[in-house]
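One structure below.
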Amino acid sequence: MAIRYNLWLDPDNVAQHRAVEADLERYFMERFADYPHIRLFGADPYDYDAPFNRLYDVLMARANEYCERQWRGYVPTPEQLNRTFFRAVGRSNKFVRDRNDGDSDRPDA
């Protein structure tokens, strides 16, 4: 299997990798705007049919396609996609946490 990820093929091209990641974060923020408020997790964070988890899967695939198209064949690593997605989640006002979201360490859980 051939290595396809640009970050691995050309790790010294830091400026391009940062630009791609900033663009991916903007891409996710724009996609979030298309949805009403989204509840994060709930009592079972591993419920793969939960709206957040389904959204994650769909947006990961779409972001990968967007990146390859927009950046002329740039293939982001799964880690780049995941990191930029969750940075965007952290900045977005579209996500709402349920009172009991499975995190027993939170003081309000």
Side-chain angles (χ1 to χ4, degrees):
M1 178 192 245
I3 295 174
R4 298 182 49 224
Y5 306 122
N6 288 60
L7 180 64
W8 295 0
L9 293 172
D10 188 9
D12 296 328
N13 195 349
V14 174
Q16 182 186 34
H17 303 312
R18 286 185 180 157
V20 167
E21 289 176 17
D23 187 42
L24 282 170
E25 192 171 340
R26 278 189 302 276
Y27 173 84
F28 287 127
M29 291 291 289
E30 289 170 4
R31 297 297 77 73
F32 297 157
D34 295 341
Y35 293 90
H37 284 88
I38 302 163
R39 293 214 171 279
L40 289 179
F41 308 120
D44 182 3
Y46 300 104
D47 176 4
Y48 295 107
D49 290 326
F52 178 81
N53 292 329
R54 287 194 319 265
L55 175 68
Y56 174 87
D57 289 341
V58 167
L59 288 182
M60 286 293 112
R62 289 182 185 170
N64 192 53
E65 292 168 2
Y66 163 82
C67 193
E68 288 190 50
R69 187 177 60 253
Q70 185 71 20
W71 288 88
R72 295 181 184 87
Y74 187 102
V75 180
T77 65
E79 192 276 334
Q80 284 177 295
L81 289 167
N82 191 60
R83 183 167 18 95
T84 56
F85 176 84
F86 282 104
R87 277 197 319 231
V89 166
R91 291 182 45 217
S92 175
N93 63 358
K94 290 291 188 163
F95 295 92
V96 178
R97 288 180 80 165
D98 284 342
R99 192 86 175 124
N100 179 10
D101 67 357
D103 185 356
S104 60
D105 293 332
R106 280 190 28 222
D108 63 341

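Fair warning: this is a prediction, and the values are worked out from it, not measured in the lab.
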Exercise: identify the closest heavy-atom pair between Asn6 and Gly73: OD1-O, 3.8 Å

Aromatic ring proximity, centroids under 6.0 angstrom, Phe85 and Phe32: yes

Contact check, side chains of Tyr5 and Pro78, non-hydrogen atoms, under 4.5 Å: yes

Nearest-0.5 Å distance that lies between atom OG in Ser92 and atom CD in Glu30: 12.0 Å

Side chains of Val89 and Phe28 in contact at under 4.5 Å (non-hydrogen atoms): no

Flag side-chain contact, heavy atom, 4.5 Å: Pro76 against Leu7: no

Tyr66 reachable from Phe86 in the ILVMFWY side-chain graph, under 4.5 Å edges: yes

Atom pair CE/CG of Met29 and Asn93 - distance to nearest 0.5 Å: 7.0 Å

Phe95 side chain reached by Leu55 side chain, heavy atoms, under 4.5 Å: yes

Intermediate values then yes/no, side-chain contact (heavy atoms from CB on, under 4.5 Å), Met60 and Asp57: CA-CA 5 Å; Met60 286 293 112; Asp57 289 341; 5.7 Å; no

Exam field: side chain His17 to backbone Gln80, donor-acceptor pair closer than 3.5 Å: no

Distance, nearest 0.5 Å, that separates CG of Asn64 from CG of Leu24: 9.0 Å

salt_bridge(Arg83, Glu25) N-O dist < 4.0 Å: no

Salt-bridge contact Asp23-Arg26 (side-chain N to carboxylate O under 4.0 Å): yes

Salt bridge flag under 4.0 Å for residues Arg4 and Glu68: yes

Ile3-Val75 co-clustered via ILVMFWY side chain contacts under 4.5 Å: yes

Verdict with reasoning, Asp34 to Arg31, per salt bridge (charged side-chain N to carboxylate O under 4.0 Å, His left out): CA-CA 5 Å; Asp34 295 341; Arg31 297 297 77 73; 3.7 Å; yes

